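Given the structure is predicted, the values throughout are model-derived calculations rather than measurements.
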Amino acid sequence: MKISFKLVISTIVFLFVVSNQPAEAQFLKKLKKKLERKAEEKVDKEIDKTLEGGEKKVEEKTDETKDKTDKEVVKTDKKSETKEMVEETTNVSDNLEVYSKFDYVPGDKLLFFEDFSNDFVGDFPSRWNTNGSGEVVKVNKVEGNWLELKPGYNIMFIPDVNDLPDDYTIEFDALALGVDKQTSSTARLHIILSDNNKFNKGKEHYVDVSIPFGQYAAFDFRAYNYFNRGGGDINSGIKADIRDEVLNQPHFSISVTKKRFRLWVNEKKYIDIPRFIQELDVLNHIKFHINNFKDGEERLFIRNLKVAEGGVDLRRKLLSEGKISTNGILFDSGSDKIQPQSYGIIRQISQVLMQDDSIKLNIIGHTDADGDDASNLELSKKRAAAVKNALINIYKISGDRLQTDGKGESVPVGDNTTVDGKAQNRRVEFVKI
C-alpha cells in the first residue's frame with residue numbers, strides 16, 4: 001500500500017499537537033496577550049491623533065489601519081471592544097467633516113424658549129395649549145423635563161408663539177420610546193405653521209411637514225401646503241431614511257426664510273423647498289400633532305423648543321460693527337461640550353476670518369445665573385476656549401488670531417428668573433481686536 005508523504009506529515013503534526021496540548025495552550029495564551037497589547041497600542045495612538053491633532057490628524061487614519069487592527073484582534077476576547085473604539089475614532093473624523101459643512105444658522109433674536117424647567121412634573125406646561133392630553137415628565141437616564149405628546153384624533157399642541165416674522169428658525173429635541181418594527185408606517189410627528197391658534201391645521205393658510213417614526217422600512221417625509229382655501233401646489237413625499245436618528249434623541253432644526261422652508265435632522269438637511277410658503281405674513285403660529293402612535297406603548301416627547309427671529313447675517317454684522325453676540329452656540333448642560341447644531345454659526349465666524357487674514361477676535365463666554373459665581377466664571381472661560389478650539393481644529397484658523405475670556409453670569413442681558421431670560425444670557429460674543 002502506497003502512503004503519501006503529505007499523510008505522514010499530517011499524522012506527525014496531529015500526534016505532536018495531541019501530546020503537547022499544555023504547551024500549545026500556553027503558546028496560544030501568550031500569543032493572545034501579545035495581540036491584545038498590540039491592538040490596544042494601535043487604538044490608543046488613533047485616539048491620541050484625534051484628540052491632539054483635530055481634523056487633519058483624524059483624516060490620516062486610513063481604512064487599512066482599521067482593517068489591520070480588526071484582523072489582529074480577531075482571536076482575542078477584546079475584539080468587539082477594540083473595534084468599537086476604532087469605530088468611535090472613525091466617527092469623530094466623520095463628524096468633523098459633517099460639522100465643517102453644516103450650514104444651519106439659528107436666528108439671532110430669541111422669541112420663545114421652553115425647556116419645561118419651570119413646570120411641575122405631571123402638569124401640562126403653562127405656556128402651551130392643547131385640546132387633548134399631555135404632561136411634563138422626567139424620563140429615566142435622560143436629562144431634564146420633557147413634554148409628552150399624547151396621541152388622539154386631531155389633537156394639537158400649541159406653544160404661545162404669535163406673530164412670526166418673515167425670517168425665523170425653530171429647533172427642538174425629540175425622544176421616542178417603544179418605537180420598533182411593529183410601529184405603524186403612519187406614525188408621524190407633524191409640524192404645522194398655521195394662520196390661527198385654534199385646534200385645527202389652519203383656516204385659510206397652513207403648511208404641514210411630517211416626520212416618520214416607523215422602523216420596519218424607510219419612510220418619506222411628507223410636505224403639504226394649503227393657501228387661500230384652494231389648496232396648495234405641494235403635496236410631496238421626500239425620500240429619506242432616519243430610522244436610526246429618531247431612536248437616538250434627534251435634534252430638529254427648521255429655517256424659514258420668506259417663502260423658503262428647510263429642515264435638518266441633527267446635522268443633515270432633508271428638506272429645502274424654495275417656495276413652500278406661498279403667502280407671507282399669514283402663518284403666525286406653530287402647532288405639533290402626532291398620529292398613529294400606540295397610546296401607552298409608543299411614546300413621544302419634546303423639549304428645548306427654541307424659536308428665534310432670523311436677523312442680519314452674522315458675517316456682515318461682525319465686519320461692519322466689529323462685534324456680535326449670539327445665543328445660538330449651545331453647550332451640554334454644565335459643560336463646555338459644543339452641541340452639533342451650533343456649528344453653523346462657528347462656520348460663519350470662520351468664513352469672516354478666512355476672508356480677511358488681518359482680523360483677530362476675542363471670544364467671550366457668558367452663562368446664566370444657575371449655580372455659584374465661581375463655577376459659572378470658570379465654565380464661561382472653558383466654553384470660550386471650546387469655540388476657539390473648534391475654529392482651529394475644524395476650520396483651520398490660526399490660534400494666534402484668537403483670544404478667549406469668560407464673564408460668567410456677571411453681564412446678563414435677560415432676566416435670570418425666567419426660562420427665556422436664562423437662554424438669552426447663555427451666549428458667546430465675538431469682538432474684533
### Task
Keeping the roles fixed (side chain from D356, backbone from S358), state whether a donor-acceptor pair exists under 3.5 Å.
yes
### Any pair counted as salt bridge (Lys or Arg N to Asp or Glu O under 4.0 Å), so long as it reaches residues 181-206, sequence neighbours left out
K201-D208, E204-R229
### Summary
Taken in chain and number order and not counting sequence neighbours, the residues that satisfy salt bridge (Lys or Arg N to Asp or Glu O under 4.0 Å) with D336 are none
### Task
Please tell me if the side chains of N225 and D233 come closer than 4.5 Å, counting only heavy atoms from C-beta onward.
yes
### Message
Please check: side-chain N/O of Q424 versus main-chain N/O of N327, any donor-acceptor pairing under 3.5 Å?
### Response
no
### Query
What is the minimum heavy-atom distance between P212 and V246, and which atoms define it?
O-CG1, 3.8 Å
### Message
The test is side chain to side chain contact (heavy atoms under 4.5 Å, CB included); show your working for I363 and F430 and say whether it passes.
### Response
CA-CA 5 Å; I363 305 168; F430 298 88; 3.9 Å; yes
### Message
According to ring-ring contact (aromatic ring centres under 6.0 Å, His included), does anything in residues 139-167 pair up with another residue at least two apart or in another chain? List the pairs.
### Response
none
### Message
I'd like to know if the side chain of R401 and the backbone of G399 have a donor-acceptor N/O pair within less than 3.5 Å.
### Response
no
### Task
Under the ring pair (Phe, Tyr, Trp, His ring centres under 6.0 Å) rule, collect the residues that match up with H205, sequence neighbours excluded.
F227
### Query
Do the non-hydrogen side-chain atoms of Q403 and K360 ever get within less than 4.5 Å of each other?
no
#### Entry: side chain to side chain contact (heavy atoms under 4.5 Å, CB included) against S380, all qualifying residues, sequence neighbours excluded
T367, L377
### Query
Which heavy atom of E298 sits nearest a heavy atom of T183, and at what distance?
OE2-OG1, 3.0 Å
### Query
Looking at residues at least two apart in the chain, or sitting in another chain, which of them share a salt bridge (Lys or Arg N to Asp or Glu O under 4.0 Å) with D420?
R127
#### Entry: Beyond-backbone contact of Q182 with K294, side-chain heavy atoms, under 4.5 angstrom
yes
### Test item: T257 side-chain N/O and R260 main-chain N/O as donor-acceptor pair under 3.5 Å
no
### Query
Heavy-atom distance under 4.5 Å between the side chains of N154 and F199, does that happen here?
no
### Query
What is the minimum heavy-atom distance between I155 and S133, and which atoms define it?
CG2-N, 4.4 Å
### Side-chain donor or acceptor of N200 paired with backbone N/O of G202 under 3.5 Å
yes
### Message
I need the full list of salt bridge (Lys or Arg N to Asp or Glu O under 4.0 Å) pairs touching residues 368-377, with sequence neighbours left out, sorted by first then second residue.
### Response
D368-R426, D370-K422
#### Entry: Check: D405/N362 side-chain N/O donor and acceptor closer than 3.5 Å
no
### Task
Check for a donor-acceptor pair, side chain of T130 on one end and backbone N or O of G132 on the other, with a separation under 3.5 Å.
yes
### Message
Quick one about N292 and S184 (side-chain donor to acceptor, distance below 3.5 Å, no hydrogens or angles considered), yes or no?
### Response
no
### Task
Please tell me if the side chains of L283 and L164 come closer than 4.5 Å, counting only heavy atoms from C-beta onward.
no
### Query
Does H289 have any ring pair (Phe, Tyr, Trp, His ring centres under 6.0 Å) partners at least two apart in sequence or in another chain, and if so, which?
H190
### Nearest heavy-atom neighbours spanning P106 and E171
CB-OE2, 3.4 Å
### Query
How many angstroms lie between atom OH of Y168 and atom CD of E309, to the nearest 0.5 angstrom?
11.5 Å
### Flag side-chain contact, heavy atom, 4.5 Å: E114 against P159
no
### Task
Run the numbers on S194 and K287 for side-chain hydrogen bond (donor to acceptor under 3.5 Å, both in side chains), then give the verdict.
CA-CA 7 Å; S194 175; K287 303 176 183 180; 3.2 Å; yes
### Message
Test side chain to side chain contact (heavy atoms under 4.5 Å, CB included) on R383 and T404; report intermediate values, then the result.
### Response
CA-CA 9 Å; R383 287 178 171 178; T404 64; over 6 Å; no
### Message
If the condition is ring pair (Phe, Tyr, Trp, His ring centres under 6.0 Å), which residues does Y206 pass it with, not counting sequence neighbours?
### Response
Y226
#### Entry: Residue pair I359, L319: steps toward the side chain to side chain contact (heavy atoms under 4.5 Å, CB included) verdict
CA-CA 9 Å; I359 293 178; L319 288 171; 3.7 Å; yes
### Summary
One should read off an interatomic distance between I286 CD1 and D160 CG, to the nearest 0.5 angstrom, of 11.0 Å
### Query
To the nearest 0.5 Å, how far apart are CG in D115 and CG in L147?
12.0 Å
### Task
Examine distances only and state if a side-chain atom of D119 and a backbone atom of S126 form a donor-acceptor pair shorter than 3.5 Å.
yes
### Message
Can you confirm whether K407 is buried at NZ, in the sense that more than 12 heavy atoms of other residues, nucleotides or ligands lie under 6.0 Å from that atom?
### Response
no
### Query
What pairs with D415 under side-chain hydrogen bond (donor to acceptor under 3.5 Å, both in side chains), at least two apart in sequence or on another chain?
T417
### Message
Does any part of the side chain of I192, heavy atoms only, come nearer than 4.5 Å to the side chain of F288, both counted from C-beta?
### Response
no
### Task
Would you kindly say whether Q341 and S253 are connected by a side-chain donor-acceptor distance under 3.5 Å?
no
#### Entry: Interatomic spacing from CG in L110 to CZ in R427 - rounded to 0.5 Å
12.5 Å
#### Entry: Flag, side chain of N131 to backbone of M156, donor-acceptor distance under 3.5 Å
yes
### Side-chain touch P340/N266, heavy atoms, less than 4.5 angstrom
no
### Message
Holding to ring pair (Phe, Tyr, Trp, His ring centres under 6.0 Å), I want the full list of residues that pass it with Y224, two or more places apart in sequence or in another chain.
### Response
none
#### Entry: From T186 atom OG1 to F293 atom CZ, the distance as rounded to the nearest 0.5 Å
9.5 Å
### Task
Please confirm whether the backbone N or O of G107 pairs with a side-chain atom of T169, one donor and one acceptor, at under 3.5 Å?
yes
### Passing option when F213 is tested against I290, L247, I242, L189 for side chain to side chain contact (heavy atoms under 4.5 Å, CB included)
L189
### Query
Of all residues at least two apart in sequence or in a different chain, which pass the side-chain hydrogen bond (donor to acceptor under 3.5 Å, both in side chains) check with S398?
D400
### Query
Does a sphere of radius 6.0 Å around NZ in K382 hold more than 12 heavy atoms from other residues, nucleotides or ligands, not counting ones at 6.0 Å or beyond?
no
### Task
Would you confirm whether H366, through its side chain, and E409, through its main-chain N or O, come within 3.5 Å as a donor-acceptor pair?
no
### Query
Between I211 and Y270, is a side chain to side chain contact (heavy atoms under 4.5 Å, CB included) present by the stated rule, with each step listed?
CA-CA 11 Å; I211 300 165; Y270 286 91; over 6 Å; no
### Summary
Rounded to the nearest 0.5 angstrom, the CZ-CZ distance for R243 and F219 is 8.0 Å
### Query
Given F172, which of F116, F252, F301 fulfils the ring pair (Phe, Tyr, Trp, His ring centres under 6.0 Å) condition?
F252
